[in-house]
Amino acid sequence: MSSGNEKIAIIGAGLGGAVAGALLQHAGFNVNVYEQAPSFARLGAGIHMGPNVLKIFERIGVDQKVKDISSTPTHWFSRDGITGDYLSRIPLEGYGATYCTVHRGDLQAIQCDALQPGTLHFGKKLARVEDSGSDVLVEFEDGTSVRADIVIGADGINSRVRETLLGEEKPNYSGWVGHRALISADKLKKFDLTFEDCVKWWGPDRHMMVYYTTARRDEYYYVTGVPHPAWEFDSTFVDSSREEMASAFEGYHPIIQALIESTDTVTKWPLFNRNPLPLWSKGRLVLLGDACHPMKPHMAQGAAMAIEDAAMLTRCLQETGVSDFGTAFKLYEANRRDRATRVQTVSNANTFLLDQEDPSWVYGYDIYAEPLKSEYAA
Ligand code: FAD
């Protein structure tokens with residue numbers, strides 16, 4: 001069941017919010033998306049989109065566009081960071097859709113383009129949200145406001161909507177940072193080395209995940225996980241340096257040394273997480289993605305969980321209509337909590353695909369093929 005009149009407001013046009021908007025609009029709902037950024041920017045660096053996500057992209061007709069701009073690795077290799085020995089060779093084909101690695105900004109542009117014209121509003125930073133019981137007042141920092149029947153908080157790890165539901169609480173610093181660098185593939189040509197499509201280099205307490213972010217394989221990307229006792233900076237990331245990278249990965253494999261030598265700029269990001277939340281919705285407000293279950297990024301499934309949330313929330317609202325949002329939100333949580341928490345736990349532990357394991361439970365999952373569990377399981 002879909003609806004034409006009741007209004008849905010989504011806060012945040014990140015990787016989960018934009019897809020939620022497009023899926024709900026395809027299902028016939030009246031949706032507007034409000035994003036704090038003043039305009040679209042090619043933010044971020046590399047991101048994996050597994051077959052579990054590509055199956056959802058088919059629903060909004062963007063799967064081919066994403067495949068066209070992505071690198072599509074056939075395997076995830078895990079290798080010993082020092083000796084280069086293969087610890088696992090995980091096939092990425094055979095899960096019902098393609099495995100893509102891509103630039104986050106390019107992906108987000110495709111997602112935002114899938115929204116109906118005029119429904120994505122930039123420069124709208126949520127200041128306050130108030131559930132009156134009969135609707136929701138959404139106030140932005142620019143002094144404007146809108147009213148909606150339900151509000152979806154897709155506003156990321158520091159979610160204002162989460163704060164309204166559960167109070168102010170900073171996310172937990174995990175004790176790890178991630179260095180991120182994009183390298184022009186031209187720079188790698190001088191080395192007599194093979195740079196694989198998707199490989200994770202593992203050390204005893206640190207790692208480096210490496211892959212291409214374009215179909216042309218002209219941009220190679222690495223992201224690390226390195227212990228760092230405290231995040232002493234105010235900003236969301238700081239500049240790192242080739243020297244810092246060389247010291248963090250001293251004695252590691254020649255391919256890692258080649259990547260560091262080819263690095264022009266590298267940034268350093270704190271990795272945060274939260275414990276599973278006691279509730280995912282209250283009244284007319286509901287959360288998805290990092291607002292709800294942020295995780296360390298080591299399984300490359302954080303955005304995937306946001307997008308799966310978007311698909312399940314849409315499915316549940318189609319079952320009930322917006323007017324019975326209470327049942328829809330319970331159904332949504334009942335059908336998402338276990339999987340999102342499992343992925344959050346494995347991702348935080350950083351063990352995924354280290355050994356030769358079967359990842360079908362992640363990649364083979366088809367959110368549309370799962371029977372809906374009763375709302376009373378929430
Ligand atoms: P976001 O994508 O963070 O979007 C939130 C949006 O809300 C933003 O656009 C923000 O501007 C907006 N917003 C925030 N506050 C407000 C406000 N008050 N008003 C209006 N708008 C607001 N995940 C993967 O699936 N694969 C990967 O390979 C991967 N690699 C990662 C690597 C690193 C180093 C990190 C840190 C994360 C990685 N992730 C990966 C995780 C992934 O980036 C997040 O899980 C994902 O972006 C979450 O999507 P989201 O929509 O919940 O939040």
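Each ligand, and each atom within it, is numbered from 1 in the order the structure gives. Below, each value reflects all heavy atoms present in this structure, side chains not excepted, and no hydrogens, waters or symmetry copies.
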*Asks:* With heavy atoms of H48 as the reference, note each atom of ligand 1 found under 4.0 Å away.
*Replies:*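 Within the 4.0 Å cut-off of H48, ligand 1 contributes 25 (O), 26 (N), 27 (C), 28 (O).
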*Asks:* Determine the sole option in D135, V322, I150 for which the side-chain contact (heavy atoms from CB on, under 4.5 Å) test with E6 is passed.
*Replies:*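 The side-chain contact (heavy atoms from CB on, under 4.5 Å) with E6 is passed solely by V322 among D135, V322, I150.
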*Asks:* Which residue and non-hydrogen atom of the protein lie closest to atom 2 (O) of ligand 1, and at what distance in Å?
*Replies:*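 Heavy-atom neighbour on the protein nearest atom 2 (O) of ligand 1: R104 NH2, 3.0 Å.
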*Asks:* What is the ring orientation for Y173 with W231, classed by angle as parallel under 30°, tilted 30 to 60°, or perpendicular over 60°?
*Replies:* tilted
*Asks:* Could you check whether any side-chain heavy atom of H121 comes within less than 4.5 Å of a side-chain heavy atom of V146, counting everything from C-beta outward?
*Replies:*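 No, their side chains stay 4.5 Å or more apart.
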*Asks:* Please write down residue, atom name and distance for the protein heavy atom closest to atom 52 (O) of ligand 1.
*Replies:*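 Protein heavy atom with the smallest distance to atom 52 (O) of ligand 1: D290 N, 2.8 Å.
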*Asks:* Hey, is A306 touching ligand 1 through its side chain, its backbone, both or neither, going by heavy atoms under 4.0 Å?
*Replies:*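 Side chain only.
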*Asks:* Using a strict cut-off of less than 4.0 Å between a Lys/Arg side-chain nitrogen and an Asp/Glu carboxylate oxygen, indicate whether D309 and R336 qualify as a salt bridge.
*Replies:*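 Looking at R336 together with D309, the answer is yes, because their closest N to O distance falls below 4.0 Å.
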*Asks:* With heavy-atom distances below 4.0 Å as the criterion, list the atoms of ligand 1 near G156.
*Replies:* 5 (C), 53 (O)
*Asks:* Please determine if K296 forms a cation-pi arrangement with W176, meaning its NZ or CZ atom is less than 6.0 Å from the six-membered ring centre and no more than 45° off the ring axis.
*Replies:* yes
*Asks:* Atom 21 (N) of ligand 1: which protein heavy atom is closest, and how many Å away?
*Replies:*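 Nearest protein contact, heavy atoms only, for atom 21 (N) of ligand 1 is Q36 N, 3.2 Å.
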*Asks:* Considering only the protein, which heavy-atom contact is closest to atom 43 (O) of ligand 1, and what is its distance?
*Replies:* I47 CD1, 4.1 Å
*Asks:* Is it true that E196 and R79 make a salt bridge, defined as a side-chain N closer than 4.0 Å to a carboxylate O?
*Replies:* yes
*Asks:* Could you tell me how the ring of Y86 sits relative to the ring of F77: parallel (under 30°), tilted (30 to 60°) or perpendicular (over 60°)?
*Replies:*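 Perpendicular: the ring planes of Y86 and F77 meet at over 60°.
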*Asks:* In terms of residue, atom name and distance, what is the protein heavy atom nearest to atom 24 (C) of ligand 1?
*Replies:*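 Looking at atom 24 (C) of ligand 1, the protein heavy atom closest to it is A303 N, 3.3 Å.
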*Asks:* Under 4.0 Å between a Lys/Arg side-chain N and an Asp/Glu carboxylate O for D113 and K65?
*Replies:*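 The answer is no: the pair does not qualify as a salt bridge.
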*Asks:* Going by atom types only, do T263 and Y222 share a side-chain donor-acceptor pair under 3.5 Å?
*Replies:*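 Present: a donor and an acceptor within the cut-off.
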*Asks:* Do ligand 1 and G16 have nitrogen or oxygen atoms that lie under 3.5 Å from each other?
*Replies:*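 Such a contact does occur with ligand 1.
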*Asks:* To the nearest 0.1 Å, how far is atom 4 (O) of ligand 1 from its closest protein heavy atom, and which atom is that?
*Replies:* G14 CA, 3.3 Å
*Asks:* In ligand 1, which numbered atoms sit nearer than 4.0 Å to a non-hydrogen atom of A154?
*Replies:* 5 (C), 6 (C), 7 (O)
*Asks:* Please indicate whether any nitrogen or oxygen in G302 is less than 3.5 Å from any nitrogen or oxygen in ligand 1.
*Replies:* yes
*Asks:* In terms of relative ring orientation, are F237 and W269 parallel, tilted or perpendicular, with 30° and 60° separating the classes?
*Replies:* parallel
*Asks:* Could you tell me whether F352 and H298 have their ring centroids closer than 6.0 angstrom?
*Replies:*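 No, ring centres 6.0 Å or more apart.
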*Asks:* Within a distance under 4.0 Å of any heavy atom of P297, pick out the atoms of ligand 1 and give their elements.
*Replies:*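 So the atoms of ligand 1 that pass are 31 (C), 32 (C), 33 (C), 35 (C), 37 (C), 38 (C).
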*Asks:* As an exercise, identify every atom of ligand 1 less than 4.0 angstrom from a heavy atom of K124.
*Replies:* 19 (N), 20 (C)
*Asks:* With heavy-atom distances below 4.0 Å as the criterion, list the atoms of ligand 1 near I11.
*Replies:*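 Every atom of ligand 1 under 4.0 Å from some heavy atom of I11: 19 (N), 20 (C).
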*Asks:* Identify, for atom 47 (O) of ligand 1, the protein heavy atom at the shortest distance, and state residue, atom and that distance.
*Replies:* L15 CD1, 3.8 Å
*Asks:* Ring centres of Y221 and Y211 under 6.0 Å apart?
*Replies:* yes
*Asks:* For ligand 1, is A304 a contact, meaning one of its heavy atoms is under 4.0 Å away?
*Replies:* yes
*Asks:* Using a 3.5 Å cut-off on N or O atoms only, is L126 in polar contact with ligand 1?
*Replies:*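 N/O-N/O distance under 3.5 Å: yes.
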*Asks:* At the 4.0 Å heavy-atom cut-off, does E141 count as touching ligand 1?
*Replies:*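 E141 does not count as a contact of ligand 1 under the 4.0 Å cut-off.
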*Asks:* Should you measure from each heavy atom of G289, which atoms of ligand 1 turn up under 4.0 Å away?
*Replies:* 52 (O)
*Asks:* Between ligand 1 and E35, is the shortest N or O to N or O distance under 3.5 Å?
*Replies:* yes
*Asks:* Quick one: sort the Y220 and Y212 rings into parallel, tilted or perpendicular, breaks at 30° and 60°.
*Replies:* tilted
*Asks:* Give a yes/no verdict on whether any heavy atom in A37 is under 4.0 Å from an atom of ligand 1.
*Replies:* no
*Asks:* Report yes if the distance between the aromatic ring centroids of W201 and H207 is under 6.0 Å, otherwise no.
*Replies:* no
*Asks:* Quick one: look up the protein heavy atom nearest atom 34 (C) of ligand 1 and list residue, atom name and how far away it is.
*Replies:*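 Here the closest protein heavy atom is R180 NE, 3.4 Å.
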*Asks:* May I ask you to say whether D155 pairs ionically with R162, meaning some side-chain N is under 4.0 Å from a carboxylate O?
*Replies:* no
*Asks:* Taking only non-hydrogen atoms of Y34, do any sit less than 4.0 angstrom from ligand 1?
*Replies:*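 Yes.
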*Asks:* Out of D309, L288, L271, whose heavy atom sits nearest atom 36 (C) of ligand 1?
*Replies:*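 Nearest option to atom 36 (C) of ligand 1, by heavy atoms: L271.
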